[in-house]
Amino acid sequence: MKPQLSYPDLVKAFTRFRDAEPEPKGELVHDSAFTLLVAVVLSAQATDRGVNKATEPLFAAARTPEAMLALGEEGIAEHIKSIGLFRNKAKNVSKLSRILVEEYGGEVPSSRAALVALPGVGRKTANVVLNSWFKMPAQAVDTHIFRVGNRTGIAIGKDVIAVERAIEDHVPAEFQLHAHHWLILHGRYTCTARNPKCGACVLGDLCCNEGKTA
DNA sequence: ATCCCGAGGG
DNA sequence: CCCTCTGGAT
């Protein structure tokens, strides 16, 4: 198992991330907890571009749980056919909207337990909503963060929960809020799954992998 | 461990 | 062609 980076190295690493991308922009800014929740549910095993392409027509047709419910599972599916797993996602968004209307007065709940109880919402999606919308210190570990954390030594863990805990335990407090965003961007554009661009990586010598591309 | 499942990249 | 993409439910 690779070495977990030390506290001083993590300070350096996240300082470099912050200098490269100070403000969390470049991501879609959602105007409601509901559109954020739906977008994240749709993002499973899909690229951000694919999600944007699907949410554009979907949110043009419905931006609230009530409107989504009226649109119906088939109507939802029609708008999101361009992304993978679209049948499951349409079903989940439809059922999830019904629960929000019937049990939460059309609002998105702010507890992890309530979020995870919604169809199509797992721990990762719940954590994104908690962190990104409710500004709570929850670390959503997706495929990017799991890979980047383990490859670089920023957050070592054999499974998603372990990496989540590693981030909470090791990433300096002042970087916790935006750690998710920076790690995502790093994984998406530099520390990619197949051909990581180690030559253009701001971590450089800090990375425990040191450009070995594995 | 398996299924879901389309688009884009290499 | 094969792999990967901000996973979740069974």
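In this text the structure is predicted, and so the values were computed from the model without any measurement. Each chain gets a letter, A, B and so on, in the order its sequence line appears, and its residues count up from 1. Just the heavy atoms: all of them, side chains too, but no hydrogens, waters or symmetry mates, feed the values below.
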Next item on the list: Pick base, sugar-phosphate or nothing for V121(A), based on heavy-atom distances below 4.0 Å to the nucleic acid.
Entry: sugar-phosphate
Check: Are the aromatic rings of F17(A) and H186(A) close, with centres under 6.0 Å apart?
Finding: yes
Notebook entry, point to check: Using a cut-off of 4.0 Å on non-hydrogen atoms, how would the nucleic acid contact of T192(A) be classed: base, sugar-phosphate, or nothing?
Noted result: nothing
Next item on the list: Could you tell me the separation between the NZ atom of K197(A) and the P atom of dG9(B), rounded to a whole number of Å?
Entry: 12 Å
Margin query: Using whole Å, what does the distance between atom P of nucleotide dC3(C) and atom CG of N195(A) come to?
Written below: 14 Å
Next item on the list: Send over the distance from K81(A) NZ to dC5(B) C1', rounded to a whole Å.
Entry: 13 Å
Check: DNA chain B: L85(A) or K53(A), which has the more 5' nearest nucleotide?
Finding: L85(A)
Note to self: Mind checking if L118(A) touches a base, just sugar-phosphate, or nothing, with heavy atoms under 4.0 Å?
What the structure shows: sugar-phosphate
Notebook entry, point to check: Are E78(A) and K81(A) ion-paired here, with the side-chain N under 4.0 Å from a carboxylate O?
Noted result: yes
Next item on the list: For nucleotides dT2(B) and dT6(C), find the distance between their P atoms and express it as a whole number of Å.
Entry: 25 Å
Margin query: Under a 4.0 Å threshold between the charged nitrogen and the carboxylate oxygen, would E164(A) count as salt-bridged to R123(A)?
Written below: yes
Next item on the list: Identify whether any heavy atom of G84(A) sits under 4.0 Å from a base atom; if not, whether one sits that close to sugar-phosphate; answer base, sugar-phosphate or nothing.
Entry: base
Notebook entry, point to check: Once you round it to whole Å, what is the distance between P of dC4(B) and CG of N92(A)?
Noted result: 15 Å
Check: Quick one: the side chain of R194(A) and the base of dC3(C), do they pair up donor-acceptor inside 3.5 Å?
Finding: yes
Margin query: For a quick check of understanding: with a heavy-atom distance under 4.0 Å over all strands, which category does A193(A) fall into, base, sugar-phosphate or nothing?
Written below: sugar-phosphate
Margin query: In terms of relative ring orientation, are F59(A) and H30(A) parallel, tilted or perpendicular, with 30° and 60° separating the classes?
Written below: perpendicular
Check: For atom P, what is the distance between dG8(C) and dA7(B), given to the nearest Å?
Finding: 22 Å
